[in-house]
> 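Take a look at this one; I'll ask things after.
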Amino acid sequence: MNRDLFIYDSYQRQHVRLEPIHDDAIGMYVCGPTVYSDVHLGNCRTFVSFDVIYRYLLALGYKVRYVRNITDVGHLEGDADEGEDKVSKKARIEKLEPMEVVQRYMNGFHHMMNVFNTLPPSIEPRATGHIVEQIEMVKKILANGFAYERNGSVYFNTQKLIQEREEYGKLSGKIMDDLINESRTLKNQDEKDHPADFAIWIKADERHLMHWPSPWSEGFPGWHLECSAMSTKYLGETFDIHGGGYDLKFPHHENEIAQNIGCFHHTPAKYWLHANMLLLNGKKMSKSDGNTISPGQLFTGESKFITKSYSPMVIRFFMLQTHYRSTLDLTDDALQAAEKGFKRLIEATKAVSNLSTNESALNTDLNKEIDQIIDSIYSEMNDDFNSPKALAAVFDLVTRINSFKDGHTNVNQLSKDTLSRLQSEIKIWVHEIFGLKNEDATTSGEGSKLNGVMQLLIDLRAQARAKKDFSTSDKIRDGLASVKIQLKDSKEGTSWSNE
RNA sequence: GGUCGGGUGGCCGAGCGGUCAGGCAGAGGUCUGCAAAACCUUGUACAGCGGUUCGAAUCCGCUUUCGACCUCCA
């Protein structure tokens, strides 16, 4: 197994070789969603990106513990620490229990992750289930002198961290002097010693529906604290990979690093990975100016930004055609192109199973070429999970498979070993690593019935064609076309596919 | 205003010092009863202006433009 994997670490700002802390096991923490509304399509891209990373690490034979949290308390509205808790607010407005809000949107999130065929994480901890751990962490940070209490709330002392460790701001590229000086004029009315300080425990006012007892007040944990507490609990004080969206770099990840240093005197993760944003027609998605589209709208086609509906796997394929660290521009044209490309990929993945060789025309050069292409898929992916390049190599195989299938290239040039490697590797890549599944219904019970019906029609049409009864054969083909089933004639007979 | 990251052919997107990205669309061809599918061949590119280099899409500087985060303003 080729584990010569290089990744781009946002913290060091360079490509580095992935060297896990423990030889065969990797701990990976990815910041999950705050469940106070429907999943955003941009979130889906982030989680699909990390899903492919997770799947690839598994394919390399690593034992991966993938922890992705659910934020169900503590994420406040607005920038400041005095905003209202997002979940709490939604619950108040809709007159629901906070946990009803959480459950509803968490279910929706899980459903969408399933629709996009992402693997569930190994552990999916919730912030509200780890209040005790968070309180313990606040105690430690206080004991270490990196936090102070004001009227029942506890704040992290960023200035002390800057002075003693020259650390705060490193991940996000903030300049410490700016953090010290520029923000000094703002919001002096609150109880923090310094505007850059942030709350790790917040005293609940009467509006807050969710609160817990603590040594400082009846309150709730700050948003950033949950990730520090839960990653430590499940992955240890130091683990391999910490991931999340680019927009979480500051303040969320920066504050997380601060908390871990304040508590354990070192940063939590060896490597930081950040997935880039999804744009719509060249602009960021924003609900306020209407430049937004939901996964549901994509699947139904009900949006002014698209001309038709697109299936989840087409969207997933579309996402994989771009590197996870690049912004991705969603447009109708691009989706249409992705749809056709995806279809060709899936058709070839199915067709490869039917190939067989008798080795009567062995061609060592060709066998070597196929082997090299397969190896290159791995080496492309080893370059910071370069899925677009890996896909390009897979398409090289697609062309060759189709050529064998049509008889343009003699399949008997292949050795049995090469063919079986080709057959298994393309399925590993398409289905297991890229997580793309065949969306045809042919594998289900109804599907196999349909297969029988289709075979009958194909046979009848073949008979008609043999008798040069083209009006009958065309009637069958056109009739099927009108229900979106396409017939494809080839030397080896007729096959069919949806759309 | 600050920090960081981008501007690649008709569209989306890799590449980041010298060699083919890839997908989709376009053109020509093969196969086919006709189609479709598939295969083969093929054109058009690196925001602009300077500089470094034997050689730059790739490095440096400036200009312009876009995005993210922060800030400001509301």
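Residue numbers start from 1 in every chain, and the chains themselves are labelled A, B, ... in the order their sequence lines are given, proteins ahead of strands.
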> Find out whether the Lys NZ or Arg CZ of A/K160 is both under 6.0 angstrom from the six-membered ring centre of A/F146 and within 45° of the ring's axis.
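Verdict for A/F146: a cation-pi partner in A/K160.
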> Sequence neighbours left out, what pairs pass side chain to side chain donor-acceptor pair (under 3.5 Å) with at least one residue falling in residues 472-483 of chain A?
A/D469-A/T472
> More 5' along RNA chain B: A/L487 or A/L279, using each one's nearest nucleotide?
A/L487
> A/N402 side chain N/O closer than 4.0 Å to the phosphate oxygens (OP1, OP2) of B/C39?
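Yes, because at least one side-chain N or O of A/N402 sits under 4.0 Å from OP1 or OP2 of B/C39.
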> Quick one: side chain to side chain donor-acceptor pair (under 3.5 Å) pairs with a partner in residues 386-396 of chain A, sequence neighbours left out?
A/D396-A/R400
> Between atom CG in A/L280 and atom C1' in B/C12, what is the gap in whole Å?
14 Å
> According to side chain to side chain donor-acceptor pair (under 3.5 Å), who are the partners of A/Y148, at least two apart in sequence or on a separate chain?
A/D197
> Hey, does the side chain of A/S326 come within less than 4.0 Å of B/G5's phosphate (OP1/OP2), counting only N and O?
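It does not, given that no N or O in the side chain of A/S326 lies less than 4.0 Å from OP1 or OP2 of B/G5.
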> May I have all residue pairs that pass salt bridge (Lys or Arg N to Asp or Glu O under 4.0 Å) and include part of residues 267-280 of chain A, sequence neighbours excluded?
none
> How far does the P atom of B/G55 sit from the matching atom of B/C62, given to the nearest Å?
23 Å
> Could you tell me the separation between the NE2 atom of A/H194 and the C1' atom of B/U71, rounded to a whole number of Å?
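Rounded to whole Å, this separation is 14 Å.
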> Holding to salt bridge (Lys or Arg N to Asp or Glu O under 4.0 Å), I want the full list of residues that pass it with A/D51, two or more places apart in sequence or in another chain.
A/R55, A/R316
> How long is the line joining CD of A/Q14 and C1' of B/G5, in whole Å?
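Rounded to the whole Å, the gap is 17 Å.
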> Which sits closer to the 5' end of RNA chain B, A/K488 or A/D329, going by the nucleotide each is nearest to?
A/D329
> Using whole Å, what does the distance between atom P of nucleotide B/C4 and atom CG of A/D247 come to?
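Rounded to the whole Å, the gap is 19 Å.
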> In dot-bracket form, how is RNA chain B paired, counting a Watson-Crick or G-U wobble pair only if both its distances are under 3.5 Å and using | for bases paired to another strand?
((((((((.[[[..)..(...]]].(((((.......)))))....[[[[[..)....]]]]])))))))....
> I'd like to know whether A/C31 forms a side chain to side chain contact (heavy atoms under 4.5 Å, CB included) with A/N69, so could you lay out the CA-CA distance, the side-chain angles of the two residues, the decisive distance to 0.1 Å, and finally the verdict.
CA-CA 6 Å; A/C31 293; A/N69 68 295; 4.2 Å; yes
> Using the P atom in both, what is the distance from B/C20 to B/U63, to the nearest Å?
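To the nearest whole Å, 36 Å.
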> Whether A/N386 contacts B/G15 is assessed here as follows: a side-chain N or O lying under 4.0 Å from the phosphate OP1 or OP2. Is that the case?
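Yes.
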> Using the P atom on both, measure B/C4 against B/G61 and round to a whole Å.
12 Å
> Between B/U58 and B/G15, how far apart are the two P atoms, rounded to whole Å?
15 Å
> Rounding to an integer number of angstrom, what distance separates B/G7 and B/C72 when you compare their P atoms?
31 Å
> Given atom NZ of A/K389 and atom C1' of B/G13, what is their separation to the nearest angstrom?
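Spelled out: NZ on A/K389 to C1' on B/G13 is 13 Å.
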> How many Å lie between CG on A/L328 and P on B/C11, as a whole number?
16 Å
> Of the candidate nucleotides B/A14, B/A38, B/G22, which contains the atom at the shortest distance from the side chain of A/A392?
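Nearest to the side chain of A/A392 among the choices is B/G22.
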> Quantified in whole Å, what is the C1' atom distance between nucleotide B/G18 and nucleotide B/U53?
12 Å
> Could you tell me how far B/C16 sits from B/C59 if I compare only their C1' atoms? Round to whole Å.
9 Å
> Between B/G5 atom P and A/R325 atom CZ, what is the distance in whole Å?
11 Å
> Please enumerate all residues that pass ring pair (Phe, Tyr, Trp, His ring centres under 6.0 Å) together with A/H323, with sequence neighbours excluded.
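Ring pair (Phe, Tyr, Trp, His ring centres under 6.0 Å) check on A/H323 returns nothing, list empty.
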> How many Å lie between CD on A/E347 and C1' on B/C39, as a whole number?
16 Å
> Check the orientation of A/F317 and A/F342. Use parallel for under 30°, tilted for 30 to 60°, and perpendicular for over 60°.
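Geometry flag for A/F342 against A/F317: tilted rings.
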> Between B/U44 and B/G28, how far apart are the two C1' atoms, rounded to whole Å?
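Per the computed distance, 16 Å lies between those C1' atoms.
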> Answer yes when A/D489 and A/R461 have at least one side-chain N-carboxylate O distance shorter than 4.0 Å, and no when they do not.
yes
> Who pairs with A/D333 by salt bridge (Lys or Arg N to Asp or Glu O under 4.0 Å), at least two apart in sequence or on another chain?
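None.
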> For nucleotides 23-34 of chain B, just jot down a letter per nucleotide in 5' to 3' order: B, S or -, based on protein non-hydrogen atoms under 4.0 Å.
BSS-------BB
